[in-house]
Amino acid sequence: MRDSKVVIEVKTLEHGKGLPLPKYETEQSAGMDLYAALAEGESITLGALERAMIPTGLAMALPAGFEAQVRPRSGLAAKNGVTVLNTPGTVDADYRGEVKVILVNLSNEPFTIERGMRIAQMIIAPVTQGAWAEVEELDETARGAGGFGSTGVK
Ligand SMILES: O=c1ccn([C@H]2C[C@H](O)[C@@H](COP(=O)(O)OP(=O)(O)OP(=O)(O)O)O2)c(=O)[nH]1
Ligand SMILES: [Mg+2]
């Protein structure tokens with residue numbers, strides 16, 4: 001395990017004040033849990049198949065060459081059917097707005113989100129940008145144009 005961590009400038013927005021900064025729950029956790037920065041006493045209830053953008057109260061400046069991925073928490077998915085609609089959400093290094101989590105309730109039971117709930121997790125990952133090299137013909141391979149189950153299921 002690398003012992004150095006990527007330093008991320010973070011700004012706590014007014015409605016995020018009083019909530020802890022996201023942290024790694026165990027020494028080698030890949031993700032930091034994101035807190036719902038709803039107002040005290042405010043709640044959002046998602047009915048079946050409903051979605052909402054949940055504020056985290058945080059804005060950040062990732063170093064160039066990194067992204068943050070917003071991913072579901074498995075506990076919420078397994079127990080409540082609640083997941084991140086656009087998973088993995090992409091936070092670009094040049095984004096300076098508030099990080100938000102698009103939650104969707106895929107269960108038949110209503111699910112209520114309150115301030116301070118850990119609703120998703122954020123993974124910091126390196127980014128590789130591609131550059132096109134346009135050609136008339138691509139090289140031949142054994143797979144060729146086969147895909148979408150061309151090798152079978154078993
Ligand atoms: O789960 C997410 C996904 C995105 N974002 C923010 C950060 C990201 O940098 C920006 C744009 O995201 P994306 O490129 O996925 O959305 P888009 O629909 O393509 O919007 P845009 O046209 O602004 O790029 O929105 C979040 O806060 N949470
Ligand atoms: Mg985009």
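Just follow the structure's listing: the first ligand is 1, and inside any ligand the first atom is 1. Numbers here are sequence positions counted from 1.
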Numbered atoms and elements of ligand 1 in range of [X], under 4.0 angstrom, heavy atoms:
| X | result |
| --- | --- |
| V91 | 7 (C), 8 (C), 9 (O) |
| T90 | 3 (C), 4 (C), 5 (N), 7 (C), 8 (C), 9 (O), 12 (O) |
| G89 | 1 (O) |
| E98 | 27 (O) |
| V99 | 27 (O) |

Closest approach of F66 and V127, non-hydrogen atoms and distance?
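Minimum heavy-atom contact is C-CG2, 3.7 Å.
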Report the nearest protein non-hydrogen atom to [atom]: residue, atom name, distance rounded to 0.1 Å.
| atom | answer |
| --- | --- |
| atom 1 (O) of ligand 1 | N86 ND2, 3.1 Å |
| atom 9 (O) of ligand 1 | D92 OD2, 2.6 Å |
| atom 28 (N) of ligand 1 | K100 O, 2.8 Å |

Hydrogens and angles aside, do H15 and E98 bring a side-chain donor and acceptor to less than 3.5 Å of each other?
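A pair is found: one side chain offers a donor N or O, the other an acceptor, under 3.5 Å apart.
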Are S43 and T112 linked by a side-chain donor-acceptor pair shorter than 3.5 Å?
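Side chains of S43 and T112: no pair found under 3.5 Å.
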Under 4.0 Å from ligand 1, counting heavy atoms only, is it the side chain of V101, its backbone, both or neither?
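Neither part.
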Is [atom] in close reach of the protein, with a heavy atom under 4.0 Å away?
| atom | value |
| --- | --- |
| atom 21 (P) of ligand 1 | no |
| atom 18 (O) of ligand 1 | no |
| atom 13 (P) of ligand 1 | no |

State the CE-CD1 distance between M53 and I44, to the nearest 0.5 angstrom.
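The CE atom of M53 sits 10.5 Å away from the CD1 atom of I44.
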Side-chain heavy atoms nearer than 4.5 Å, only ILVMFWY residues, links allowed to pass through others: does that put V6 and V99 together?
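Looking at the clustering, V99 is in the same group as V6.
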Side chains of E25 and R118: closer than 4.5 Å at any heavy-atom pair?
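Yes, close enough: below the 4.5 Å cut-off.
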Are M122 and M60 packed together at the side-chain level, in the sense that at least one heavy-atom pair is separated by less than 4.5 angstrom?
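Heavy-atom side-chain distance check passes, below 4.5 Å.
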Checking R51 now: which residues fulfil salt bridge (charged side-chain N to carboxylate O under 4.0 Å, His left out) with it, not counting sequence neighbours?
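None.
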